[in-house]
Amino acid sequence: MKKDDLDLEMEEMLKNARPLSEIDLKGLEETNRAISRDPRHIAAVMKGVFVNDIISAMEAQGINKNQLAEKMGYTRQYLTGLLNREDPRNFTIDTVVKLSVAVGLRPECIRFKPMRAKADATDSFSMLKVAESPGEPYRIKSGESE
Amino acid sequence: MKAELIDIPGLSLRENTQWKVKALLINGEVSLAIDALDRWSNDPAMKKDYERIIDAIQIAAQVERVDDENIVKASDNRKHGEVYEFRAYDHERRRAGKARLMFFYDDSDDALIICTNSYEKDKGNAFAQDRMFEMCDRYRQEYERNKR
């Protein structure tokens, strides 16, 4: 089979890459363990998962940002900033709960546990999840417009 | 080409995540993804980018699909299959860094995110992104072939 440009480029990249044995895997593991204890990282992951759940719920229920902002008493600009995670101070527990409930999700707070002695990057996982609310899902009230 | 999967050190994901994250190992000795991660983690100029990439990986591992295009972007070239890139993005500064790590999903029972290759974005180099997506897609096809 004739090699194309991409094949040649891939061969070149593989030739220039270090084999695993030359890479300091232990060092990489230590770095990732250190990141797992970094409050900035833990907060970033929690917020990322939370916002993803909120956006998925909005899409599933056909709610747009204008409608959600109005329901919550926010401006659209403020809500957009919140969903874009632009200001870390906006993420209070009150706001998280209010936003979850507004899109028909039930906050599920998992209790906090001590870091394991050999914590790895996965220790930042799943400390805050939102689940579908057993109650009534969010409905757009009649008269509310796009 | 032999394509296998290996763990990314320190990212051995727990069972309660939606996806397990792996790196592609080519011909039993080279992983372009791990090579890049190791390089970025040891380069002071790329350290912040490295941390943002790890943030993005961990968010992706927990959700069905990432809705935030700032951190996960799909290829918009129809010639490519379903391939994506993790982006180093600082939400507070609203600024993307240079680091990009390409990946694809394996939706089979294993539920895997498989990291393949990487690049560092430079201004005015739109060609590189498309090329790296194409490369990721080629690795995806090799992986599927090896699985059979």
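Side-chain atoms are counted along with the backbone in the values below, which use heavy atoms only and exclude waters and symmetry mates. Remember, predicted model here, so these are calculated numbers, not experimental data.
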When rounded to the nearest 0.5 angstrom, what is the spacing between CG in Asp38(B) and CG in Leu28(A)?
5.5 Å
How far does CD1 of Ile8(B) sit from CD of Glu29(A), to the nearest 0.5 angstrom?
12.5 Å
Are side-chain heavy atoms of [X] and [Y] found at a separation under 4.5 Å?
| X | Y | value |
| --- | --- | --- |
| Asn70(B) | Arg85(A) | no |
| Met1(B) | Glu11(A) | no |
| Asp7(A) | Arg138(B) | yes |
| Met10(A) | Met135(B) | yes |
| Gln58(B) | His41(A) | yes |
| Leu6(A) | Arg131(B) | yes |
| Glu29(B) | Leu20(A) | no |

Side-chain donor/acceptor of Asp68(B) to backbone N/O of Gly48(A), under 3.5 Å
no
Has Arg18(A) got a side-chain atom pairing as donor or acceptor with Asp35(B)'s backbone, closer than 3.5 angstrom?
yes
Please name the pair of heavy atoms, one in Asn52(A) and one in Asp67(B), separated by the smallest distance, quoted to 0.1 Å.
OD1-N, 2.7 Å
Quick check on Arg39(B) against chain A: is it the side chain, the backbone, both or neither that has a heavy atom closer than 4.5 Å?
both
Please look at Leu32(B) and chain A and tell me whether the side chain, the backbone, both or neither of the residue comes under 4.5 angstrom of a heavy atom of that chain.
side chain
Under 4.5 Å, counting heavy-atom pairs only, tell me which of Thr31(A), Asp38(A), Leu14(A) racks up the most with chain B.
Leu14(A)
Ile34(B) and Ile23(A): CA distance, side-chain angles, deciding distance, side chain to side chain contact (heavy atoms under 4.5 Å, CB included) verdict
CA-CA 8 Å; Ile34(B) 289 184; Ile23(A) 296 174; 4.2 Å; yes
